[in-house]
Trainee: 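Before anything else, here's the structure in question.
Each chain gets a letter, A, B and so on, in the order the sequences are listed, and its residues count up from 1. Because the structure is predicted, anything quoted here is derived from the model rather than measured.
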Amino acid sequence: MTVRVRYAPSPTGMLHVGGARTALFNWAWARRHGGAFVLRIEDTDKERSTEESERSILEAMEWLGMDWDEGPGVGGPFGPYHQTQRVERHLELSAKLLEEGKAYRCFCGSERITALREEQMANKQNPRYDGRCRGLSLADSTAKAEAGEEFAVRFRVPEGETGFTDHVRGDVSFQNVEVDDWIMLRSDGSPTYNFVVVCDDADMKITHVLRGEEHLVNTPKQVLLYQALGLDVPEFGHLPLMLGTDKKKLSKRTGHTSVQIYRDLGYPRDAVLNFLCLQGWALDGETEVFSVDELIKNFEVKDVSKGGAIFDAEKFQWLAGEYLRQETPAECAAHCAPYVIEAGLMSAEELAARSAWFEQVVAGMQERIRLYSELPEKIAFLFEADDALSYDEKALKNAKKHEVRGDVLAAVLENLLPMLEEGVSASALSEAGKAMLSEKGWKFPALGQPLRCALTGKAGGPDLFDVLIWLGAESSRARIESAIKRFE
RNA sequence: GGCCCCGUCGUCUAGUUAGGCCUAGGACACCAGGUUUUCAUCCUGGCGACAGGGGUUCGAAUCCCCUCGGGGUCACCA
């Protein structure tokens with residue numbers, strides 16, 4: 001049997017990280033077994049669904065590299081892949097169930113149902129449909145319907161018990177009395193989620209349903225529906241929830257929830273993918289950094305953890321840094337460029353004209369940032385006015401600790417600047433600088449701290465000889481000369 | 001509250017299916033050292049968990065029962 005899985009987002013917002021992980025596990029499972037990964041848009045909520053959300057979700061899926069074999073944009077043999085375009089089929093199946101007595105029309109109306117529920121809750125009973133229309137004969141109900149009475153269609157839950165073997169949780173079962181006679185068709189004739197999801201999954205020949213744990217309690221309804229329809233029941237796997245720091249389902253209350261935001265925040269794509277894997281799954285218990293190829297090679301649904309995972313933002317950032325540092329300077333520079341432009345440090349044209357220079361800077365900064373977006377702030381000093389560089393209090397204090405600061409800076413001007421003008425390498429500068437120090441009998445901090453303040457205005461940062469080269473002879477000279485005056 | 005699911009370091013997890021290899025391993029975070037011109041990276045070390053209680057067994061994180069705790073869900077949303 002060919003594996004066919006699906007991810008079925010509703011286009012009512014961004015791509016939630018929990019949804020992204022669900023999609024990722026489905027995708028990996030399909031790729032692992034040479035099966036098909038289907039993308040279906042569950043747009044039955046007309047109030048909240050938007051085309052913009054759909055576009056954004058698709059774009060995020062593409063960014064993550066999760067290609068779908070069937071779905072929007074690519075089509076497929078079981079389309080259409082938008083749920084709203086499949087209602088004809090839904091109504092057909094609903095009519096069939098109605099005829100067979102496996103579903104029935106309910107004329108109670110939402111007002112009565114709401115009142116009933118309120119009364120039951122007031123009496124501390126569990127809200128449940130009281131079955132008033134359950135016994136209506138098909139002939140009677142058809143007559144009422146034809147007379148124009150409004151009705152919803154309910155599924156007739158049989159007696160007994162419904163169980164299934166969940167791939168992550170093992171055997172799970174529910175007493176059917178606990179499963180209410182749920183609504184398949186609303187009184188406006190539109191089908192509900194629990195109904196369409198089964199129709200569509202069956203029509204699309206889905207073999208494995210991997211989804212979030214919040215759907216666990218929907219499963220008996222769906223299993224019963226498959227059975228009533230005389231269809232094969234697919235395999236299920238319910239993934240643990242991704243939790244916020246409040247231990248509740250991840251929501252905007254406790255942090256960012258969409259993959260688009262993390263992308264915009266400058267997290268490397270592969271770090272996002274890797275991190276998603278780590279929430280509920282482990283490669284071998286030892287390896288933390290691994291590629292999606294390794295996920296595909298090793299992913300088993302049964303290995304997914306049962307417990308919910310609190311979203312560990314710290315670890316996510318660490319992982320981002322790991323990936324950022326693995327990139328070549330050219331790759332990293334390309335990823336950082338939009339942030340540098342956005343921060344107004346350079347225009348796209350300037351960046352293109354000075355790409356070699358920018359790559360050099362990025363190479364020197366790579367182990368000092370974790371997200372692409374962190375670069376602008378850290379290199380902003382390079383773009384300040386040479387004679388009006390802002391000095392951090394600590395940087396200035398460090399510089400002033402050294403009595404010989406003026407002599408040191410003068411020596412730099414005299415010995416190192418000419419070399420810089422000739423265009424030597426950072427290591428050559430470094431050697432010359434150290435030779436100069438030993439000749440004069442100065443320790444490195446006596447050079448480092450005043451020079452760092454003079455050039456960057458910061459107490460910490462990249463290698464000083466790199467900075468000299470980045471700045472160039474002219475700026476370096478101007479900054480040092482300005483510092484000599486300002487340090488007095 | 002009913003039903004369902006879950007419960008190993010602060011957090012993510014390995015180990016639980018086939019009880020002994022577990023004086024419970026790794027990672028993030030934190031702390032302390034080291035490398036370094038600073039910051040960062042990197043290296044070394046430390047801190048730190050089987051929710052609790054009963055069983056079963058020569059032996060239990062692993063099996064059984066109870067308790068406690070957490071979560072999900074109870075819509076004519078998905």
Trainee: Just how far, in rounded Å, is P of B:A27 from CH2 of A:W318?
Mentor: 9 Å
Trainee: Identify which nucleotide among B:C3, B:G26, B:C5 has an atom closest to any side-chain atom of A:F174, counting heavy atoms from C-beta outward.
Mentor: B:C3
Trainee: How many whole angstroms separate atom CD of A:Q222 from atom P of B:C74?
Mentor: 13 Å
Trainee: If you look at every strand shown and take non-hydrogen atoms under 4.0 Å, does A:T114 touch a base, only sugar-phosphate, or nothing?
Mentor: nothing
Trainee: Measure from NZ or CZ of A:R40 to the centre of the six-membered ring of A:Y7 and say whether it is under 6.0 Å with the direction within 45° of the ring axis.
Mentor: no
Trainee: So what does A:G109 touch, heavy atoms closer than 4.0 Å: a base, only the sugar-phosphate, or nothing?
Mentor: base
Trainee: For B:A14, give its Watson-Crick or G-U wobble partner with both distances under 3.5 Å, or none.
Mentor: none
Trainee: Between the side-chain atoms of A:T192 and the base atoms of B:C76, is any donor-acceptor pair under 3.5 Å?
Mentor: no
Trainee: Between A:R370 and A:K302, just flag the one whose closest nucleotide in RNA chain B comes earlier from the 5' side.
Mentor: A:K302
Trainee: From the set B:G71, B:C76, B:G25, return the single nucleotide nearest to any side-chain atom of A:A152.
Mentor: B:C76
Trainee: Identify the nucleotide, in any strand shown, that forms a Watson-Crick or G-U wobble pair with B:A61, with both distances under 3.5 Å; if there is none, say none.
Mentor: none
Trainee: From the options B:C12, B:C6, B:C4, select the nucleotide whose nearest atom is closest to the side chain of A:R169.
Mentor: B:C6
Trainee: Could you check which of B:A75, B:A78, B:G72 has an atom nearest any side-chain atom of A:L241?
Mentor: B:G72
Trainee: Contact class for A:E322 (heavy atom, under 4.0 Å): base, sugar-phosphate, or nothing?
Mentor: sugar-phosphate
Trainee: Rounding to an integer number of angstrom, what distance separates B:C5 and B:G25 when you compare their P atoms?
Mentor: 32 Å
Trainee: Could you give the distance separating B:G19 and B:U57 at their P atoms, to the nearest angstrom?
Mentor: 16 Å
Trainee: I'd like to know if the side chain of A:S430 pairs up with that of A:S427 as donor and acceptor (distance under 3.5 Å, no hydrogens or angles considered).
Mentor: no
Trainee: Expressed in angstrom and rounded to an integer, what is the separation of A:K458 atom NZ from B:U38 atom C1'?
Mentor: 13 Å
Trainee: How long is the line joining CG of A:L278 and P of B:G26, in whole Å?
Mentor: 16 Å
Trainee: Less than 4.0 Å between a side-chain N and a carboxylate O, is that true for A:D181 and A:R156?
Mentor: no
Trainee: Cation-pi between A:R154 and A:Y104: NZ/CZ under 6.0 Å from ring centre and within 45° of the ring axis?
Mentor: no
Trainee: What is the distance, rounded to the nearest whole Å, between atom CZ of A:F290 and atom P of B:A27?
Mentor: 15 Å
Trainee: Which whole number of Å gives the distance between the P atom of B:A75 and that of B:U62?
Mentor: 38 Å
Trainee: Base, sugar-phosphate, or nothing for A:K124, non-hydrogen atoms under 4.0 angstrom?
Mentor: nothing
Trainee: Under 4.0 Å: is that the gap between some side-chain N or O of A:R117 and OP1 or OP2 of B:C76?
Mentor: yes
Trainee: For nucleotides B:U17 and B:G54, find the distance between their C1' atoms and express it as a whole number of Å.
Mentor: 25 Å
Trainee: When we call it a touch if two heavy atoms are under 4.0 Å apart, what does A:L464 touch: a base, just sugar-phosphate, or nothing?
Mentor: base
Trainee: Need one value for A:R452: base, sugar-phosphate or nothing, where a base atom within 4.0 Å counts as base even if backbone is also close, heavy atoms only.
Mentor: base
Trainee: Assuming nearest nucleotide by heavy-atom distance, tell me which of A:P127 and A:E214 is located more 5' along RNA chain B.
Mentor: A:E214
Trainee: Quick one: does A:E178 reach the base of B:G2 with a side-chain donor-acceptor pair under 3.5 Å?
Mentor: no
Trainee: Could you give the distance separating B:C63 and B:G26 at their P atoms, to the nearest angstrom?
Mentor: 24 Å
Trainee: Can you confirm if the aromatic rings of A:F381 and A:Y391 lie within a centre distance of less than 6.0 Å?
Mentor: no
Trainee: Take atom CD1 of A:I183 and atom P of B:A78, then tell me their distance rounded to the nearest Å.
Mentor: 12 Å
Trainee: Look at the side chain of A:R368 and the base of B:C39, then say whether one donor and one acceptor between them are separated by less than 3.5 Å.
Mentor: yes
Trainee: Checking all strands, does A:S187 fall into the base, sugar-phosphate, or nothing category for heavy-atom contacts under 4.0 angstrom?
Mentor: base
Trainee: Look at all strands and tell whether A:N218 reaches a base, only sugar-phosphate, or nothing, counting heavy atoms closer than 4.0 Å.
Mentor: base
Trainee: Can you check whether A:Y193 and A:H215 have ring centres sitting under 6.0 Å from each other?
Mentor: yes
Trainee: Is a donor-acceptor pair below 3.5 Å formed from side chain A:K315 to base B:C12, judging by atom type as modelled?
Mentor: yes
Trainee: Classify the nucleic acid contact of A:T12 as base, sugar-phosphate or nothing, counting any heavy atom under 4.0 Å across all strands shown.
Mentor: nothing
Trainee: Please determine, for B:C3, whether a Watson-Crick or G-U wobble partner exists with both distances under 3.5 Å, and give it or none.
Mentor: B:G72
Trainee: Can you tell me, in whole Å, how much space there is between the P of B:G15 and that of B:G33?
Mentor: 36 Å
Trainee: In this structure, is the centre-to-centre distance between the rings of A:F316 and A:Y323 below 6.0 Å?
Mentor: no
Trainee: Considering only side-chain heavy atoms of A:V217, which listed nucleotide, B:G72, B:A78, B:G70, is closest?
Mentor: B:G72
Trainee: Looking across every strand, which nucleic acid part, if any, lies under 4.0 Å from A:S305 by heavy atom: base, sugar-phosphate, or nothing?
Mentor: sugar-phosphate
Trainee: Which one, B:G72, B:C5, B:U11, comes nearest to the side chain of A:K249?
Mentor: B:G72
Trainee: State which of B:A14, B:A78, B:C4 makes the closest approach to the side chain of A:E42.
Mentor: B:A78
Trainee: Using the P atoms only, state how far B:C21 lies from B:C66, rounded to an integer number of Å.
Mentor: 28 Å
Trainee: Quick check: does any side chain N or O of A:N274 sit under 3.5 Å from a backbone N or O of A:E288, one acting as donor and the other as acceptor?
Mentor: yes
Trainee: Quick one: A:E367 CD to B:U38 P, roughly how many Å, whole number?
Mentor: 13 Å
Trainee: Using Watson-Crick or G-U wobble geometry with both distances below 3.5 Å, tell me the partner of B:C31, or none.
Mentor: B:G45
Trainee: Does A:K144 count as lying over the ring of A:F151, i.e. NZ or CZ under 6.0 Å from the six-ring centre, within 45 degrees of the axis?
Mentor: no
Trainee: Looking only at the side chain of A:I310 (C-beta and beyond, no hydrogens), which of the listed nucleotides B:C12, B:C76, B:C5 gets closest?
Mentor: B:C12
Trainee: For the side chain of A:Q279, starting at C-beta, report the closest nucleotide among B:A75, B:C28, B:C12.
Mentor: B:C12
Trainee: Please classify the nucleic acid contact of A:N126 as base, sugar-phosphate, or nothing, using heavy-atom distances under 4.0 Å.
Mentor: base
Trainee: Base, sugar-phosphate or nothing for A:H238? Non-hydrogen atoms, less than 4.0 Å.
Mentor: nothing
Trainee: Verify, without hydrogens or angle tests, whether A:R86 (side chain) and A:C199 (backbone) share a donor-acceptor contact under 3.5 angstrom.
Mentor: no
Trainee: Counting the atoms with a prime plus P, OP1 and OP2 as sugar-phosphate, which does A:K248 contact under 4.0 Å by heavy atoms, base, sugar-phosphate, or nothing?
Mentor: sugar-phosphate
Trainee: Using a heavy-atom cut-off of 4.0 Å across all strands, would you classify A:R48 as base, sugar-phosphate, or nothing?
Mentor: base
Trainee: What is the separation between atom CG on A:L243 and atom P on B:C12, rounded to the nearest whole Å?
Mentor: 8 Å
Trainee: Taking the P atom in each of B:A27 and B:A14, what is the distance between them to the nearest angstrom?
Mentor: 15 Å
